[in-house]
Amino acid sequence: MSAHALNALVERHTEVMPELPEVETVVRQIAPGVVGRTIAALDVRWARTLGDGARARVERAVVGRRIGAARRRAKWIVLDLDGGGALLVHLRMTGRLTVRATDAATDPYLRVALHLSGGARLDFDDVRKFGRVVWCPDPASVLGDLGPEPLDPAFTPADLHAALSGRRRLLKPLLLDQTVVAGLGNIYVDESLHAAGLHPLARSERLTLPEATRLHGAVRAILERAIACQGSSFDTFYRTPRGEAGQYQDEFQVYDRGGEPCRTCGATIERLVVGQRGTHVCPACQPKPRRSPRPRAARRT
DNA sequence: AGCTACTCCTGGTAGC
DNA sequence: TGCTACCAGGAGTAGC
């Protein structure tokens with residue numbers, strides 16, 4: 001790769017709260033810089049990013065291997081290596097992947113770097129160290145438990161209805177469960193529930209097919225729009241000195257808007273905590289479930 | 001089965 | 001100004 005071409009990739013990272021649209025954006029941006037390249041060396045600055053005690057094993061497994069493909073599954077970035085196995089990257093809260101030139105300065109929060117052939121380097125920077133870079137000889141061992149991709153054309157409203165109504169849980173925690181639907185996080189769940197007119201405290205077993213159909217449409221429309229915006233960027237503690245920031249945060253209807261007026265009806269957005277997560281709801285657009293949120297368990301039969 | 005609490009982390013910020 | 005205490009949060013786990 002020429003210096004000019006590499007420069008085009010350098011610093012082209014997106015600063016995000018990474019959920020499906022942000023991870024999709026990251027994969028699209030790094031793929032041209034990593035696919036087809038061979039891993040020449042591993043630079044580990046924070047060993048736990050690879051998993052406790054995994055460093056030597058990972059190094060033996062990946063050095064000298066060629067990255068055949070870069071793809072997304074749920075919130076995982078999957079780097080498939082020729083001959084089998086994959087490096088799986090999870091950004092969690094603050095992780096970032098950036099393709100830089102081999103000799104570029106490193107970020108103070110660099111945790112793991114892959115030195116690649118052709119003068120490139122894939123940096124995994126992560127302020128809070130929650131992110132992970134995992135070597136999987138068999139990626140299905142990690143990815144196999146994930147639920148359906150919401151944007152998969154084969155994923156229907158009836159599938160969503162079955163997945164939700166077949167469990168007895170609050171709607172929001174269930175939607176955050178990656179084994180039910182894969183890729184949603186706090187932001188897009190709040191936005192989707194608002195768009196569908198559903199309350200996060202609603203009981204999943206009471207969800208009707210028409211409601212599930214609304215939710216299915218909302219999830220898809222919001223994710224597609226957010227991908228088109230290259231995700232959502234935050235400046236609560238991120239700065240955006242360079243590179244592209246996502247734009248979807250400008251279109252939030254409820255997320256991070258507690259106390260502000262609903263853009264649909266003008267009611268004041270409420271902030272509550274559901275399952276230990278900050279949750280944002282319009283009390284008018286998303287009426288509270290009429291029954292108690294925690295109905296008494298059925299008596300023995 | 002599903003709920004809550006706790007863990008991992010650190011920069012930012014509210015309160016003094 | 002400078003200090004401390006607390007907060008955010010994806011996902012895994014433990015305990016009830």
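Computed from a predicted model, the values in this text were never measured in an experiment.
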- Note on the structure: Taken to the nearest whole Å, CG/Leu175(A) to C1'/dA11(C) is 16 Å

- Item | Between dG10(C) (C1') and Arg96(A) (CZ): distance, integer Å | 19 Å

- Aromatic ring centroids of Tyr188(A) and Tyr248(A) under 6.0 Å? yes

- Excluding sequence neighbours, so at least two apart, what forms ring pair (Phe, Tyr, Trp, His ring centres under 6.0 Å) with Phe155(A)? His216(A)

- Item | Residues that His115(A) engages under ring pair (Phe, Tyr, Trp, His ring centres under 6.0 Å), provided they are two or more places apart | none

- Note on the structure: Separation of dG10(C) atom P from Trp76(A) atom CH2, nearest Å, is 15 Å

- Query: Hey, what else clusters with Leu146(A) if you join Ile, Leu, Val, Met, Phe, Trp, Tyr whenever side-chain heavy atoms sit under 4.5 Å?
  - Reply: Trp76(A), Val78(A), Leu88(A), Val134(A), Val142(A), Leu143(A)

- Message: Below the 4.0 Å mark, does dG10(C) have OP1 or OP2 next to a side-chain nitrogen or oxygen of Tyr188(A)?
- Response: no

- Message: Is there a side-chain contact between Arg271(A) and the phosphate of dA8(C), meaning an N or O under 4.0 Å from OP1 or OP2?
- Response: yes

Distances for protein N or O near nucleotides 7-10 of chain B N or O, under 3.5 Å:
from    : atom 1 : to        : atom 2 : distance (Å)
dC9(B)  : OP1    : Arg48(A)  : NE     : 3.4
dC9(B)  : OP1    : Arg48(A)  : NH1    : 3.1
dC9(B)  : OP2    : Arg48(A)  : NH1    : 3.2
dC9(B)  : O4'    : Arg128(A) : O      : 3.4
dT10(B) : OP1    : Lys129(A) : NZ     : 2.5
dT10(B) : O2     : Arg128(A) : NE     : 3.1

- Give a yes/no answer on whether the side chain of Gln276(A) brings an N or O atom under 4.0 Å of OP1 or OP2 in dC6(B). no

- Task: Go through the structure and list residues passing side chain to side chain contact (heavy atoms under 4.5 Å, CB included) with Ala195(A), not counting sequence neighbours.
- Result: Ala218(A), Ile222(A)

- Item | d(NZ, Lys172(A); P, dG9(C)) in whole Å | 8 Å

- Taking for each residue the nucleotide of DNA chain C with the nearest heavy atom, is it Val273(A) or His90(A) whose nucleotide lies nearer the 5' end? Val273(A)

- Between Arg277(A) and Pro173(A), which has a closest nucleotide on DNA chain B that is more 5'? Pro173(A)

- Task: Please name all residues satisfying side-chain hydrogen bond (donor to acceptor under 3.5 Å, both in side chains) with Glu270(A), sequence neighbours left out, ordered by chain then number.
- Result: none

- Given atom CG of Leu201(A) and atom P of dC3(B), what is their separation to the nearest angstrom? 11 Å

- Message: Holding to ring pair (Phe, Tyr, Trp, His ring centres under 6.0 Å), I want the full list of residues that pass it with His199(A), two or more places apart in sequence or in another chain.
- Response: none

- Task: Measure the angle between the two terminal helix axes of the helix from dG2(B)-dC16(C) to dC16(B)-dG2(C), five base pairs each, and quote it to 10°.
- Result: 50°

- Task: Please report, rounded to the nearest Å, how far the C1' atom of dG12(C) is from the CE atom of Met93(A).
- Result: 15 Å

- Could you give all pairs that pass the side chain to side chain donor-acceptor pair (under 3.5 Å) test and reach residues 84-93 of chain A, with sequence neighbours left out? none

- Message: What is the separation between atom CZ on Arg169(A) and atom P on dA1(B), rounded to the nearest whole Å?
- Response: 11 Å

- Val62(A)-Val35(A) co-clustered via ILVMFWY side chain contacts under 4.5 Å: yes

